[in-house]
Structures are given as C-alpha cells and as structure tokens.
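All remarks here apply to the structure that follows.
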Amino acid sequence: MKKMKKLIAVICVIAMLVGALSVAAVAAYDRDFAITNPYEGVDWSWDQYKADLHTHTTASDGRNTLKEMLEINYKYGFDVYAVSDHGMTSYSWTEQQVIPALKVFLDMRNPGTELVSLDPNGGYTFDGDKYNVVTENGGDYYYQTYEDGSEGQKMLRVPFANEQNPTSLNNAHVNTWFVDYGHGILGGTSEYETPIKAVDELGGLSVINHPGEYTNARDEDCTEDAYDYNDPIYKYYIDKFTSILSKYPSCMGIDVNSKGDSRTRFDRKLWDILLMNLAPDGRNVLGIATSDAHSVSAAYTGYTMMLMPENTVDNLKYAMSNGQFFAASKCLGNHEELELYANYLIESGNKKASAIGQDILDRQAEDYNAKYEAPLDVEAPRINEIAVDDDADTISLDVTDGMCVRWITNGRTLAYGETIDLDDYSGEIGSYVRAEVFGEGGIVYTQAFLLDHDGEVSSNVDADFKDFWKLIAIIPDTLVRFLGSLDIFGIIWDALN
C-alpha cells in the first residue's frame, strides 16, 4: 500500500511539473506577427509637406475670401492646400466658382461677403509682398516673392477638391479630391454613399468628414458613452461606416481631429472601432486631420504631414491613397485622453513636461471640457523615421519634440515609449496598433500598422446592412433638387452682382 501511495505521489508531482512547464511554455510563446507597414515605401530623407485638405471661403459658408485664406495658410507654412467649398469643385485659384442657388441662401445667413480670387498674372498680398500663380509638374502652385528677391515655398492646389452634400439635412459631409464630381449638385446630398461611390468609380479619393457632427457623438460627456454599440442609433452609424469602407477602397477613412477637436473629440474611438471591424480583412482605415477652416482664425488647427519625394499632384494622391502621411492637430479636446497624457507627463520627471501636465489637469478641474490648444509658434512633434522589424516584431519611432508616445490597440492604451515590442503584449493585442505622439506643440497620429497573427481576430462587417436613411431622404432631397433647378436664384444673383 505504501509503495502504491508513493507511486501515486510521484505521478502527481510529475503531472504538476508537466502542467507548470506547459503554462510556462504558453506564457513564453511569442506570436509571429506579420506587420503591414503603411510607411514601408517611404524614404525618410524625403521632406514632410504640411497639408490642409479641407477649408472654405466666401464662395460657400466661409467668412474670408479665397485670397485671404491662401495668404494665412501660406504664412503658416503650408505646402499643400485644398479649397473645398460646399458643392463647388476647385478648378482654379484664379477663377472662383459660384453656385447661385447656394450662394444666395448662404448670404442670407452670412450677409456682406465678397468674392476675391487671385490674379492669374500675379499681384500683391495684403502685406505688400508679391505673389505668383504658376502651373508646373501637372499642378497649380502659389508662392510669394519678398523684398530681398527670395521666394517662399510653393503651395500646391489640391485639384477638384469639393465638400459634397452642400444641402445635407443631417451633416452627412464627404470631402473628395482628384476627380471632377459634385459641382452644383444640390439634391440627393443627405447621405454618404452616393458621392463616395461616384468618386470611387471615377478614380478619385474621398473621406468621411467629422463624423461626430453627423452622429451627434459630440454631444456626449465622456468617451464611454460615445459610439456605444449597445445603443441602436450608434450601432446603425458604426455599421453604416463599416459597410461603406468595406465596399469602397478609395474612401480613405475618417476625419479624426478637426476644427479644434470639439466635435471630433470622440472620433478616435470610432476610428478604433472601424479598425477592429475591418483590419482583420486587411482593410486599413486611414485617419486624417483638417482645419475645416471657415475663417482665418481657424487656420492651422488640424492638418496632415505628407511624406513625398516631391510636392506634386501625383505624389500627393499616392501618399493619400497609401497612408503615407501623419494626421496632426494643434488641439486636443478629449477629457480622458488629456488626463492620460497629463498624468504621464507629470510622472515623466521632465520639469517642462510636468508643468504642462499639471496645467492640463488644473484646467480640467475648472472646466471638464477644457481643451489643450498648443501655441501656434511651437512646432508640433515630428516623426523623423519609422523602423519596422518584422522578424523581431518591433516598431520604433524616431521623434523630435515629443513628450509622450502612446501605442493603442482595440481602442485602449497598450504601451508607452518610442519602441514597442509586440511580443511583450502577444496576449493583449488585436489586428492593428497605432501610435500617438503628444508634445507642447500639439499631437501627431500615425496610421495603423495592421497585424496578422495566429490570435483569434475576426472582422465584423454586416453584409446585410441596409441604409434606411436613403428612403427617408427622398422627399426633402427631391424638393431641394426642384428648388435648385429654378432660374430665380440665378436671376437674384445676377441682380445682386
């Protein structure tokens, strides 16, 4: 009997050791991550070109003329600039387009506006510097010449820019570029898919603008409540965007930070949800940032940094199509994100960073919705280079002027620091990881790095999704079409001018 008990004890010990070794083996197991790097084709010796892809003038609902908007953005050092007035395609900076039916209506809301475009032969800025408009390398450029004879940077016009949906009843706004579509279309503009599909077929690019305004997520108080999939309304919005992005590859993604970030402050959460839904199928969802400036005071808020060998139309379209750019903003309005950054900065041991972090918390204590607004004369963080080691499963950023680098997967913070080793988080990581770099001069967002690994990650696309809004919008859009076709608006416009 004693021998039998000893044998059983030995067997139990062996079983325990085998179990322990098995657990240790699982814990030590490194997944093999196949990393899709959107910046793989970038030569990091290239320049980074500052671009604003979404702005307005007095031709639609802006409060400053085309000439004024060009000059302020040139002053802020922009290299690429898009005038995307509502329902009006950007054909030129020297011959501004007008849609009488839209302009007459908008002038009732914003009276006293005038139209001032550029002289094709050149002229003088409001500050007295000479400007020129030239066509070269397949694109239109604006540049200034100074008293000493030196020339400033050449600022490229983004061709055929247009914020579609000019008479949208529900803020369903889409920006499009590179193809001639949507000029003067006033009806059928209260839903996303029509312009996105048309531009996709023509070979252009589009993006879903400031979704928080359309979804009303901007009205929430905290991130947890925004885009709650258990809410049937938010479920509808998420399923709609997922469906559109899955069907139209030329729709780049969404606007994740624009116009001071008040209305987009929860749209990074939507960005992560869409990535979780689509990245497992290899569909990246790109995030852009824009100013959506309707006046000079809003210029240089959100923007992108384009990674290109030369500032040309072809290179710009390629960079936008492939995600070879960073989104950036001078403003950050999400309370929870700011709290994360503030606490990190305070604990960093850096005196300046700690002071900025404490100031953020003090402002939030006074006003829960207080934003961080970076000084315009302080440069935002710059990502100088990205190194991806697919064998070691690491991604590294070389950063200047960044005080905090945060890595995000599945909508939550995964790690901090300029380098992430994916193997350290193999049990926690989803089908993508992206980085944010915060500094005194603002915030910069990388595009997502898609991850293919042996974890159980599946896409979430509702193949049976039906957009009921199209049916609801038929009556008001038909009315808008009818009113827009009347010659009376042209007669009124001619009489006023």
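None of these values were measured; they are calculated from a predicted model.
Taking the six-membered ring where the residue is Trp, Phe449 and Trp407 present tilted rings, their angle falling between 30° and 60°.
In terms of the ring-ring contact (aromatic ring centres under 6.0 Å, His included) criterion, residue partners of His54 (sequence neighbours excluded) are, by chain and number, His56. In terms of the ring-ring contact (aromatic ring centres under 6.0 Å, His included) criterion, Phe325 has no residue partners (sequence neighbours excluded). Listed by chain and number, the residues in a side chain to side chain contact (heavy atoms under 4.5 Å, CB included) with Thr223 are Phe266, Lys269, Asn334, Glu336 (sequence neighbours excluded). Partners of Val158 by side chain to side chain contact (heavy atoms under 4.5 Å, CB included), not counting sequence neighbours, listed by chain and number: Leu53, Val80, Ala82, Trp177, Phe178, Leu316. Taking Thr242 as the reference, Asn277 meet the side-chain hydrogen bond (donor to acceptor under 3.5 Å, both in side chains) condition, with sequence neighbours excluded. Ser348 pairs by the side chain to side chain contact (heavy atoms under 4.5 Å, CB included) definition with Asn350, Ala353, not counting sequence neighbours. Annotation: side-chain hydrogen bond (donor to acceptor under 3.5 Å, both in side chains) contacts of Asp200 (sequence neighbours excluded): Ser250. In this structure Ala355 satisfies the side chain to side chain contact (heavy atoms under 4.5 Å, CB included) test with no other residue, sequence neighbours excluded.
Here Arg434 pairs with Glu436 in a salt bridge; the nearest charged N to carboxylate O distance falls below 4.0 Å. We find that Arg363 and Asp359 are joined by a salt bridge, their nearest charged nitrogen and carboxylate oxygen being less than 4.0 Å apart. The pair Asp261-Arg218 fails the salt-bridge criterion, with no side-chain N (NZ, NE, NH1 or NH2) lying under 4.0 Å from an Asp/Glu carboxylate O. A salt bridge links Lys240 with Asp467: the distance from a Lys NZ or Arg NE/NH1/NH2 to an Asp or Glu carboxylate oxygen falls below 4.0 Å. Using a 4.0 Å cut-off between a side-chain N of Lys or Arg and a carboxylate O of Asp or Glu, Glu193 and Lys247 qualify as a salt bridge. For Lys75 and Glu71, the salt-bridge test fails: no basic side-chain N is under 4.0 Å from an acidic carboxylate O. Remark: Asp239 engages Lys235 in a salt bridge, criterion side-chain N to carboxylate O under 4.0 Å.
Here the rule is ring pair (Phe, Tyr, Trp, His ring centres under 6.0 Å) with Tyr76, and of Tyr300, Tyr303, Tyr81 only Tyr300 fits it.
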Would Tyr432 and Asn284 count as a side-chain hydrogen bond (donor to acceptor under 3.5 Å, both in side chains) if you check the C-alpha gap in whole Å, the side-chain angles of each, and the deciding distance to 0.1 Å? CA-CA 9 Å; Tyr432 76 95; Asn284 206 339; over 6 Å; no
If you apply the rule side chain to side chain contact (heavy atoms under 4.5 Å, CB included), what do you find for Tyr181 with Gln164, and how did you get there? CA-CA 9 Å; Tyr181 173 81; Gln164 309 287 344; 3.7 Å; yes
For Asp362 and Ile360, what are the C-alpha separation, side-chain angles and deciding distance, and is it a side chain to side chain contact (heavy atoms under 4.5 Å, CB included)? CA-CA 6 Å; Asp362 290 345; Ile360 289 172; over 6 Å; no
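If you look at Tyr142 and Tyr74, their ring centroids are closer than 6.0 Å. Aromatic rings from Phe326 and Tyr39 are positioned such that their centres are separated by under 6.0 Å. Phe78 has its ring centre no less than 6.0 Å from the ring centre of Tyr49.
Relative to the six-membered ring of Phe126, Lys67 meets both conditions, a distance below 6.0 Å and an angle of at most 45° to the axis.
The salt bridge (Lys or Arg N to Asp or Glu O under 4.0 Å) analysis of residues 303-317, with sequence neighbours excluded, yields no pairs. Contacts classified as ring-ring contact (aromatic ring centres under 6.0 Å, His included) and involving residues 340-362 (residues at least two apart or in different chains) are given here: Tyr341-Phe438, Tyr344-Tyr416.
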When the side chains of residues 202-209 are checked against the rest of the protein, which donor-acceptor pairs come out under 3.5 Å, sequence neighbours left out?
from, atom 1, to, atom 2, distance (Å)
Asn209, ND2, Glu163, OE2, 3.0
Asn209, ND2, Asn175, OD1, 2.9

Can you give the donor-acceptor pairs under 3.5 Å from side chains of residues 372-383 to other protein atoms, not counting sequence neighbours?
from, atom 1, to, atom 2, distance (Å)
Tyr372, OH, Glu440, O, 2.6
Arg382, NE, Asn384, OD1, 3.2

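No more than 12 heavy atoms of other residues, nucleotides or ligands shown are found within 6.0 angstrom of CD on Glu224.
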